[in-house]
Amino acid sequence: MANKIPRVPVREQDPAVRATNFEEVCYGYDKEEAMLEASRCLNCKKPRCVEACPVNIRIPDFISRLVAGDVESAAAIIAEDSSLPSVCGRVCPQETQCEGACILGIKGEPVAIGKLERFVGDSKPGGSGTVPNGIVRNGHKVAVIGSGPSGLACASDLAKMGYEVKIFEALHEAGGVLVYGIPEFRLPKKAVVGREIDEVRRLGVEIETDVIAGRTVTVDSLMDDEGYEAVFIGSGAGLPRFMGIDGENLNGVFSANEFLTRANLMRAYDEHYDTPIYAGRKAVIVGGGNVAMDAVRTAKRLGAEAVIVYRRSEKELPARAEEVHHAKEEGIEFRMLTNPVRILGDENGRVRGIECVEMELGEPDESGRRSPIEKEGSNFEIECDVVIMALGTSPNPLIASATDGLETTRRGCIVADEYGATSREGVFAGGDAVTGAATVILAMGAGRKAAAAIDGYIRAKER
Amino acid sequence: MFTIKEKRLLTDNICLMRVEAPRVAAAAQPGQFVIVRADETGERIPLTIADYDRSAGTVTIVTQTIGVSTRKICALNEGDSLADLAGPLGRPSEFVNMPSDELRKRRYLFVAGGVGTAPVYPQVRWLHEHGVEADVIIGAKTASLLIYTDEMHAVASNLYIATDDGSAGVKGLVTDVIRELIDVRGNRYDECVAIGPMIMMKFVALTTEPYGLKTTVSLNALMVDGTGMCGACRVSVGGKTLFTCIDGPEFDGHKVDFDEAMRRQAMFRDEERKANEKSHECNCFK
């Protein structure tokens with residue numbers, strides 16, 4: 001019986017070694033391992049995994065090709081629904097999506113769908129391959145703002161349909177959160193992100209960096225002066241949140257965004273790069289999401305003793321299970337049910353500690369999670385010289401404030417229907433800019449839906 | 001892209017570069033800044049726009065060599081390119097959006113210190129072109145460190161110079177000149193704009209406060225992206241935390257917590273010192 005085979009373990013860098021370097025933690029499957037793991041799939045008639053995938057990748061179909069060793073067909077099946085398999089195989093929260101729905105998971109371990117997807121993505125031949133040659137240009141121009149997951153997905157779909165697409169990126173390197181947010185040890189920049197972006201370029205998509213939409217150009221200038229018939233806004237959720245507690249402006253307090261951007265985009269951990277960074281002797285990271293895990297593991301790699309402080313219990317940690325597991329293996333300390341009250345400074349205005357209060361869980365709140373309540377009088381101090389706030393992000397208001405008639409929510413998210421259409425004709429939006437901080441796969445899915453909607457919009461206008 | 005069309009040394013350690021950046025030149029307004037990266041391994045650093053020429057498609061930046069990154073920028077020559085020049089960032093100066101009849105009734109006092117004189121120039125020029133009176137005080141340690149005096153002379157209503165050693169203009173501080181203009185000459189101003197070292201802006205704000213003279217300062221906080229993403233540039237203004245990059249860079253000088261701002265500017269001083277020493281070593285063996 002196929003399901004008697006235990007889940008094939010994936011090879012990883014030794015925790016003690018990897019906690020001192022920035023190389024990728026997980027080595028992934030080789031072909032033999034992938035074929036063995038693929039053979040565990042029951043090929044369910046009603047595949048629950050497909051339903052649980054935000055972009056409904058035909059999972060049993062691609063896995064069955066893998067069983068036969070036909071990686072190319074497997075890649076073609078994934079490509080119908082996803083343009084970033086190497087990325088999503090690494091960063092999707094599979095345990096709450098495809099793998100969480102896998103029948104095998106009820107009694108044992110689910111099929112390692114994420115690792116299989118990653119194997120297929122990584123096996124894609126560079127240079128030529130799945131890119132359809134002979135795209136017929138249709139003469140219509142579309143602008144895409146932001147080169148993160150939603151923008152890349154939207155641009156590549158439109159390019160395949162024959163549109164002339166240009167992506168405008170605010171930073172100096174394309175990739176959005178894949179480049180500035182997610183660390184090298186989880187998502188290699190050259191080998192994985194760079195390759196996916198090259199793929200998008202090979203479809204004919206042009207990427208112009210150093211263009212800040214809302215400042216350098218506006219949605220209106222792109223449409224009126226540069227002749228773009230439609231604009232897709234995939235500008236992400238880049239604005240960091242702080243707690244609003246005392247001491248947050250002390251030297252040594254960083255947003256996770258700043259800390260990670262220094263390390264990832266600016267490569268501050270590499271001595272050949274000029275951007276400074278410091279993680280101190282002991283760094284306290286506030287938060288429990290993937291960004292908090294990325295920040296704490298980066299601090300550890302920079303030589304600090306690194307601690308997570310989270311106000312709920314371990315069960316409520318919003319981070320991917322694999323990241324929490326990896327962090328623990330690397331020696332990260334987790335202080336659950338703990339909430340900062342204020343940050344303490346020395347006479348020079350540098351962080352010397354953080355005062356916290358113990359929490360207990362009360363009734364479930366609107367998110368369904370039990371809400372944490374302070375235990376009165378339980379205040380205590382943790383000595384540290386760096387504090388990193390990883391409390392989530394909200395959309396950057398720059399574009400919305402520079403675009404007349406573009407409706408936003410109270411929280412600054414752009415209002416868009418399920419196809420990405422906004423309150424402005426010809427202007428579409430998707431990803432975190434619309435939903436607030438979410439996942440790579442959802443952003444990618446939104447980009448692809450918007451590409452289809454933009455195609456429909458331009459065709460209808462032509463008629 | 002970002003080719004250096006012209007380079008001039010204004011003093012021993014301040015260089016002016018006119019850089020090809022048509023998109024930035026087309027959108028730039030007085031008061032805004034750009035993020036510059038010299039090369040692939042360089043830091044992103046914010047520089048206030050010193051001038052822009054829409055028809056030539058160029059932006060002028062003025063850089064003082066204070067560390068590894070600014071030295072890298074100033075080491076480039078005409079014909080070389082910067083890796084990146086992104087902008088314009090930040091909000092334009094408030095007067096840009098004022099109704100012109102109201103604006104023409106106003107009288108401005110600009111206080112420029114050191115390399116901060118460069119970003120004062122496009123503001124004064126803009127006001128001059130819009131028929132608005134603006135007096136300018138330029139302060140420097142000594143005469144050889146003065147920049148932009150000829151350019152400023154052409155657009156300022158009155159130009160005053162103050163040096164610490166008296167080698168040019170009056171001997172003394174810019175704050176002495178402010179008091180003299182208001183107390184002795186009886187000048188009246190509607191707004192003072194101060195751009196220069198943080199410590200100068202702090203004392204200008206302290207000087208103008210008793211007169212009730214609205215004072216705008218342009219902060220040069222540490223930044224990474226310059227678009228609101230990192231929060232490195234946060235500053236306390238009237239007790240509220242704001243981001244210099246998207247809420248500024250110009251703020252009400254009477255509300256800025258300068259001591260905190262100066263402390264935050266020195267956040268990476270140890271790392272910068274190490275990098276400086278390292279880069280000096282490297283050059284010796286090249």
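In the text below, chain A, chain B and the rest are named by the order of the sequence lines, each starting its count at 1.
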Reported [atom1]-to-[atom2] distance for the pair [X] and [Y], which is rounded to 0.5 angstrom:
| X | Y | atom1 | atom2 | result |
| --- | --- | --- | --- | --- |
| Arg23(B) | Glu226(A) | CZ | CD | 4.0 Å |
| His172(A) | Asp225(B) | NE2 | CG | 11.0 Å |
| Thr209(A) | Met1(B) | OG1 | CE | 8.0 Å |
| Asn257(A) | Met229(B) | CG | CE | 5.5 Å |
| Asp39(B) | Asp274(A) | CG | CG | 6.5 Å |

side-chain contact (heavy atoms from CB on, under 4.5 Å) between Asp210(A) and Phe2(B), intermediate numbers included: CA-CA 11 Å; Asp210(A) 294 329; Phe2(B) 313 130; 3.5 Å; yes
Are more than 12 heavy atoms, taken from residues, nucleotides or ligands other than [X], located less than 6.0 Å from that residue's [atom1] atom?
| X | atom1 | value |
| --- | --- | --- |
| Asp404(A) | CG | no |
| Lys255(B) | NZ | no |
| Asp225(A) | CG | yes |
| Arg54(B) | CZ | yes |
| Glu271(B) | CD | yes |
| Arg241(A) | CZ | yes |

Would you say the side chain of [Y] lies within less than 4.5 Å of the side chain of [X], judging by non-hydrogen atoms?
| X | Y | answer |
| --- | --- | --- |
| Tyr278(A) | Asp270(B) | no |
| Pro240(A) | Phe243(B) | yes |
| Glu43(B) | Pro276(A) | yes |
| Arg91(B) | Arg215(A) | yes |
| Leu171(A) | Arg44(B) | yes |

Of the backbone (N, CA, C, O) and the side chain (C-beta and beyond), which part of [X] lies under 4.5 Å from a heavy atom of chain B, both, or neither?
| X | answer |
| --- | --- |
| Leu260(A) | neither |
| Phe259(A) | neither |
| Val253(A) | both |
| Glu208(A) | side chain |
| Asn348(A) | backbone |
| Arg267(A) | neither |
| Leu239(A) | both |
| Glu173(A) | neither |

So which of [options] has the largest heavy-atom pair count under 4.5 angstrom toward chain A?
| options | value |
| --- | --- |
| Ala266(B), Ala232(B), Cys230(B) | Cys230(B) |
| Gly90(B), Ser69(B), Gly226(B) | Gly90(B) |
| Pro88(B), Ala27(B), Gly231(B), Ala21(B) | Pro88(B) |

Can you say whether [X] sits under 4.5 Å from chain A via the side chain, the backbone, both, or neither, judging by heavy atoms?
| X | result |
| --- | --- |
| Glu40(B) | backbone |
| Leu85(B) | backbone |
| Ala83(B) | backbone |

Under 3.5 Å: donor-acceptor pair, side chain of Asn251(A), backbone of Arg263(B):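 Side chain of Asn251(A) to backbone of Arg263(B): a pair is present.
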Backbone N/O of Thr241(B) and side chain of Asn249(A): donor-acceptor pair under 3.5 Å: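 It does not hold such a pair.
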Nearest heavy-atom neighbours spanning Thr227(B) and Leu398(A):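 Between these two residues, the closest heavy atoms are O-CD2, 4.4 Å.
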